[in-house]
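Here is the structure we will look at.
Counting from 1, the numbers follow the sequence of the chain as shown. This structure is a prediction, so every number in the text was calculated from the model and none was measured.
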Amino acid sequence: MTARFSAMLHIPGDVRDAIAFYGKAFGAETGWATPPADDMVAQLLVHGIEFWVHPADEAIGNPSPALLGGTAVRLMLIVDDPDAVFNQAVAAGAVVRSPMQDHDYGWRDGSLMDPFGHRWEIGKPL
């Protein structure tokens, strides 16, 4: 049996805005998508690693982070040059939660909040 793990991010507003943001922030490319529309769903790929974006919709059990008062999940993007990716995401509109820094537990990372309320950590082991 083969398996893979993927996150599905509930996006408030238009998913097409999220596709554009993640493209600018992380270099995400669209792998698979329904036709462009208000209820569009898409698979995004960052260096071959997938995650999905889906419209937030409380009626079907897909609440946005704002509806929940925040998110209980941190998405960790591990890359060779976390400083460059972190700065690129900030330039695209992400908000810094904690700056890039070396930690005594052996990682260099920083934390961001994307415009849709999802928390990202960008880093790498030292």
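Between the His118 side chain and the His10 main chain, a donor and an acceptor come within less than 3.5 Å of each other.
Considering all non-hydrogen atoms of both residues, Gly123 and Asp109 come closest at CA-CB, 3.7 Å. The shortest non-hydrogen separation linking Ser6 to Glu50 is CB-OE2, 3.1 Å. Pro65 and Thr71 make their closest contact through CB-CB, 4.3 Å (heavy atoms, listed as atom of the first residue, atom of the second, distance). Across every non-hydrogen atom of Arg119 and Ser111, the tightest pair is NE-OG, 3.4 Å. Leu44 approaches Ala28 most closely through the heavy-atom pair CB-CB, 4.2 Å.
Interatomic distance, CG of Leu126 versus CG of Asp102, reported as 4.5 Å (0.5 Å rounding). With values rounded to the nearest 0.5 angstrom, Gln43 atom CD is found 14.0 Å from His54 atom NE2. The CZ atom of Phe26 sits 6.5 Å away from the CG atom of Leu112 when rounded to the nearest 0.5 Å. Here CZ of Phe116 is found 6.0 Å from CG of Asp17. Values are rounded to the nearest 0.5 Å. For the atom pair CG of Asp39 and CG of Asp14, the computed distance is 10.0 Å after rounding to the nearest 0.5 Å.
One hydrophobic cluster, built from ILVMFWY side chains closer than 4.5 Å, cannot hold both Ile122 and Tyr105; they sit in different ones. One hydrophobic cluster, built from ILVMFWY side chains closer than 4.5 Å, cannot hold both Ile11 and Ile60; they sit in different ones. Taken together through direct or relayed side-chain contacts under 4.5 Å among Ile, Leu, Val, Met, Phe, Trp and Tyr, Val46 and Phe21 form part of one hydrophobic cluster. Residues Met40 and Leu9 fall within the same hydrophobic cluster, defined by Ile, Leu, Val, Met, Phe, Trp and Tyr side chains chained together at heavy-atom separations under 4.5 Å.
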Extract all donor-acceptor atom pairs below 3.5 Å that involve side chains of residues 74-86 and protein atoms in other chains or at least two apart in sequence.
unit_1	atom_1	unit_2	atom_2	d
Arg74	NH1	Glu121	OE2	2.7
Asp81	OD1	Ala84	N	3.2
Asp83	OD1	Arg108	NE	2.8
Asp83	OD2	Arg108	NE	3.4
Asp83	OD2	Arg108	NH2	2.7

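Hydrophobic cluster membership of Val41, counting Ile, Leu, Val, Met, Phe, Trp and Tyr whose side-chain heavy atoms lie under 4.5 Å apart directly or via other members: Met8, Trp32, Trp52.
Residues Asp114 and Tyr22 have side chains in contact (heavy-atom distance under 4.5 Å, counting atoms from C-beta outward). Phe51 has its side chain out of reach of Phe5: every pair of non-hydrogen atoms, C-beta onward, lies at least 4.5 Å apart.
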